[in-house]
Visitor: 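My structure is below; once you've seen it, I'll send some questions.
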Amino acid sequence: MSLSGARGLIRVAHNPTCELQAAMMLTRVREQDVYLALAGTAYPGEYGERVSARRRGAQFEKNLYQDGAAVLRGTLAPLLGVAADDLTVRDLSEEVRGSSTAAMEERARRTDRILMDLAADRIVPDLLIQPQLQLTLAGNLASAIFIAPDVLALDRQRHVYLPVEIKSFIVRDGVVAQGDRDGARRQAAIQLLALAQELIPLGIADRLPEAAIFIFASPFGMRPHPAFAEQLSAELFEMRRVLDTMAQVRTHLQALGADAIADAEALALAAPRLATTYQESCVAGCLLAQICRQHAAAQPTILGDRAAQTLGETIDLPRALALLHGAPATDEREAWLGPALREAAARFDWSTVVQGRAA
Amino acid sequence: MSTIFDLAARLLAYQAGRAIPTRRSSALMADPIPAFAIAPIRMVAEQVVYALAYGDPDDKPEIVLTWNPLDRDAGFLEPFAAALDRYLSDCVTAGEMPRVWLAHTAALEVIELLGHRYRTNRSVGPELQRMGAQCRLLAEETTFAGQQIVAVAGSLLAGHVATGQSPSEDLHLGALLAWIDPPAGTAVVDAAAQAALAPAAAMLARAADDRVEQLRARVASGRLREPAARVEAEAIIRAELLREWNLLVQARRAFWTLGLTQGPELTKLSAESFKRVAWQIDRNYGSPARPRSLAQRLDELTYAQELAAYADVADDPIVRATALSAGRVLDATIINRDQPRRGFQPCTLTLETCQQVLRVRAGTQLQLRGARVVGRITEVRELNAGQSVQLTLVITTGVRNPHLPAPGQRTDWMEPEPADLRYQKRQVYERMAASADTRVMGDTLPLARPQPADDDLATIARRLRR
Ligand code: SF4
């Protein structure tokens with residue numbers, strides 16, 4: 001599972017201070033290979049998208065795109081303020097099939113031409129299915145990654161395209177599960193950044209709002225929930241920060257002479273010199289979580305982000321326990337923390353522990 | 001739980017290498033006999049049900065399953081619909097509180113979706129529509145604080161113990177159980193990490209999921225005959241379902257073996273829960289959408305929240321100690337009782353406390369913990385240069401109560417049991433609905449009256465005061 005593309009950037013957004021993760025993204029080394037190189041055994045858990053999830057996503061999209069994108073047009077028409085029958089469509093996934101680099105490059109060329117037509121006020125399709133954009137990371141052209149919005153939809157008034165993010169997640173009572181929504185918003189923000197990068201040389205980036213359109217599923221089969229648009233200012237800020245992180249890590253890798261790393265063993269060798277900042281989000285997000293957790297053995301972060309924030313960088317778990325048991329404070333933070341912990345611990349008789357054994 | 005309390009508890013659990021209880025009383029009333037447990041398995045992403053194991057958690061489960069939920073034939077759910085209806089209806093008819101156990105919030109999500117999909121679905125029969133309505137009812141019940149009908153084992157355990165891992169890791173029921181009952185011969189951290197490798201989210205394990213997908217794809221492409229594929233797929237799903245069922249049974253057992261006490265206030269919470277469910281069991285209500293029903297729902301939720309908070313403080317010494325340190329409970333000694341006629345008003349108590357944080361002022365109402373003795377603070381005086389505080393409390397309810405404290409007695413005072421004003425509020429909403437005031441019932445606000453442009457703020461304020 002390589003961390004390239006939008007997925008990798010989203011991962012970096014969750015933990016922007018982790019250089020190892022950013023390096024995996026920049027070097028495009030597969031996460032499970034890095035795990036193997038670091039742990040000496042294959043990753044024992046599951047990783048990557050399940051076949052069932054992929055199938056559902058693919059079917060949901062297919063349902064939207066088939067018959068001249070009839071369902072897609074019907075879903076987007078109210079939002080775009082154009083009758084569904086009047087929306088024109090180009091489906092680049094039909095024009096150029098496949099997921100090879102050559103196919104992606106060809107779709108990217110065609111997308112470029114359409115964007116140039118847009119800038120030159122020539123007629124362009126209202127809906128562009130499976131366009132291909134490119135996003136330059138760390139200011140380095142060679143590092144450009146393909147970003148593929150599901151659809152670009154033309155806002156005829158602004159005369160600019162907006163990314164449309166399609167997810168087969170279910171909307172219940174008008175509400176999308178927080179995690180699903182956050183992921184989709186971040187993904188759309190990356191697409192906006194990529195689109196903006198493409199529009200800047202064409203002189204029309206200022207037309208682009210900080211918003212994207214979302215299509216999720218209803219609880220009933222493949223039927224889509226009504227499309228909606230959302231402002232993404234916060235996610236754009238976050239993703240711009242991710243791009244800054246990538247630039248810093250590239251510089252760091254160069255300083256280490258490790259910028260040409262292309263395999264997991266080499267990255268594992270460089271790993272001790274790359275900062276890792278284990279935190280709660282690592283548990284659900286990164287294959288290396290258990291390895292980093294072991295390295296963080298006595299750090300407050302293993303008790304969670306809240307514990308880490310309270311204890312700060314100077315007090316590790318043994319020290320916190322010592323304070324709890326009455327060790328004298330050595331600074332102001334400890335002078336506040338010790339009595340607070342002791343008072344809290346006194347509230348429950350912790351000798352009556354849940355049945356079990358100490359490890 | 002406050003940040004410091006949570007940190008202290010996690011530190012101690014980390015040191016002990018096992019979970020420690022963070023409450024002494026249970027927030028859940030004892031199970032009725034029998035309870036009803038549901039362990040679902042859903043298809044990832046589609047969120048449709050593959051299988052359900054259900055029944056008495058102390059017994060072997062009944063099982064319904066389909067190997068291909070995508071064919072939209074929901075008939076396989078009918079035995080489950082009948083069993084759920086029988087259980088809930090029997091309890092309600094007998095005036096007994098039902099109890100439905102689920103392993104985790106993922107299982108609750110599946111139940112909620114069954115409600116969404118079938119409650120009003122005309123392509124299924126009335127039995128499945130009723131199942132949908134009852135599933136929605138159960139899911140909705142979980143939005144009320146202190147509810148006693150639906151027990152979500154993972155959330156319950158996390159609310160009663162602290163582990164030496166992070167809250168995110170606690171979300172995996174297997175990992176949480178490893179901390180509660182660490183296996184012999186393995187470090188608890190390793191046991192938790194090992195447990196977390198298998199999903200605990202009402203879904204098939206990865207290999208099982210991929211295999212079932214593959215079987216379906218091969219049947220669809222004509223490379224495999226359906227009967228053979230079905231037998232293999234059903235065996236896989238059944239085994240995975242039993243894994244989820246066992247996790248639920250283990251979590252339920254772990255909860256009851258925490259050995260927590262049952263506080264008296266749980267009875268009130270149970271009565272509230274029972275009333276809500278009994279009222280709706282035969283009604284197929286949707287979520288409130290109109291101003292009146294939304295306002296009523298908000299009142300219900302608020303009252304449930306207040307009652308649950310009250311019950312927690314009243315019943316649990318650890319929660320009470322936390323409230324005390326936040327100044328929301330008063331620990332005071334009775335200095336004087338001024339009651340000219342025993343058993344009659346007026347009755348004034350003088351209390352003294354050395355408590356550091358105190359959130360009382362003149363006008364604050366307080367109730368003596370564990371008794372119907374309520375009073376109002378009329379005066380707060382600092383003594384000994386702020387070392388202690390003396391309070392005057394005029395008793396408004398309970399002057400005849402045998403628990404009315406006497407001088408020298410050490411007492412706990414807390415916020416009184418919340419007043420139940422739902423009936424009165426409903427009457428207000430009825431009046432408002434009848435008057436059809438557009439400010440409440442309309443979709444648009446009436447136009448504002450234009451203000452004279454040359455008004456300054458002082459003029460406006462004067463006019464408002466008139
Ligand atoms: S688990 Fe380790 S490598 Fe992965 S994001 Fe966290 S700190 Fe970085």
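Letters A, B, ... mirror the listed sequences (proteins, then strands); counts begin at 1.
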Visitor: Looking only at side-chain N and O atoms, does A:R347 offer a donor or acceptor that is under 3.5 Å from a partner on B:T22?
Guide: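 A:R347 and B:T22 do not have a side-chain donor-acceptor pair below 3.5 Å.
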
Visitor: If you measure from CG on A:L311 to CG on B:L7, what distance do you get to the nearest 0.5 Å?
Guide: 5.0 Å

Visitor: Mind checking the CG-OH spacing from B:L197 to A:Y43? Nearest 0.5 Å is all I need.
Guide: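 With rounding to 0.5 Å, CG (B:L197) is 6.0 Å from OH (A:Y43).
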
Visitor: Quick check on B:Q165 against chain A: is it the side chain, the backbone, both or neither that has a heavy atom closer than 4.5 Å?
Guide: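 Both backbone and side chain of B:Q165 come within 4.5 Å of chain A.
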
Visitor: Could you tell me whether the side chain of A:R55 reaches within less than 4.5 Å of the side chain of B:L70, counting heavy atoms only?
Guide: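 With C-beta onward as the side chain, the pair touches.
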
Visitor: Can you say whether A:Q309 sits under 4.5 Å from chain B via the side chain, the backbone, both, or neither, judging by heavy atoms?
Guide: neither

Visitor: Check whether B:P199 gets within reach of chain A through its side chain, its backbone, both or neither, counting any heavy atom under 4.5 Å.
Guide: side chain

Visitor: With a 4.0 Å cut-off on N to O distance, would you call B:E109 and A:R172 a salt bridge?
Guide: yes

Visitor: How many angstroms lie between atom CE of B:M43 and atom OG of A:S52, to the nearest 0.5 angstrom?
Guide: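 Going from the CE atom of B:M43 to the OG atom of A:S52 covers 7.0 Å.
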
Visitor: With a 4.5 Å cut-off on heavy-atom pairs, point out which of A:P219, A:G304, A:A53 contacts chain B the most.
Guide: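 Top count of heavy-atom pairs under 4.5 Å with chain B: A:P219.
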
Visitor: At a 4.5 Å cut-off on heavy atoms, which part of B:R320 comes close to chain A: side chain, backbone, both, or neither?
Guide: neither

Visitor: State, yes or no, whether a side-chain contact exists between A:L341 and B:F5 at a heavy-atom distance under 4.5 Å.
Guide: no

Visitor: Quick one: do B:D210 and A:R50 satisfy salt bridge (charged side-chain N to carboxylate O under 4.0 Å, His left out)? Show the steps, please.
Guide: CA-CA 7 Å; B:D210 288 353; A:R50 289 185 176 211; over 6 Å; no

Visitor: Sort A:E280 into side chain, backbone, both or neither according to what part of it lies under 4.5 angstrom from a heavy atom of chain B.
Guide: both

Visitor: Using heavy-atom distances under 4.5 Å, tell me whether B:A13 contacts chain A through its side chain, its backbone, both, or neither.
Guide: neither

Visitor: Can you tell me how far CG of A:L317 sits from CD of B:Q15, rounded to the nearest 0.5 angstrom?
Guide: 11.0 Å

Visitor: Heavy-atom distance under 4.5 Å to chain B: side chain of A:V283, backbone, both or neither?
Guide: side chain

Visitor: Hey, could you give me the CG/CG distance between A:L324 and B:L12, rounded to the nearest 0.5 Å?
Guide: 5.0 Å

Visitor: Would you call A:V51 and B:D209 a side-chain contact if the rule is heavy atoms closer than 4.5 Å?
Guide: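 They are not in contact (no side-chain heavy atoms under 4.5 Å apart), so the answer is no.
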
Visitor: Heavy-atom pairs under 4.5 Å with chain A: which of B:Q47, B:R10, B:E169, B:H172 has the most?
Guide: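 It is B:E169.
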
Visitor: Going by heavy atoms in the side chains, are B:R117 and A:I170 under 4.5 Å from each other?
Guide: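 Side-chain contact under 4.5 Å: yes.
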
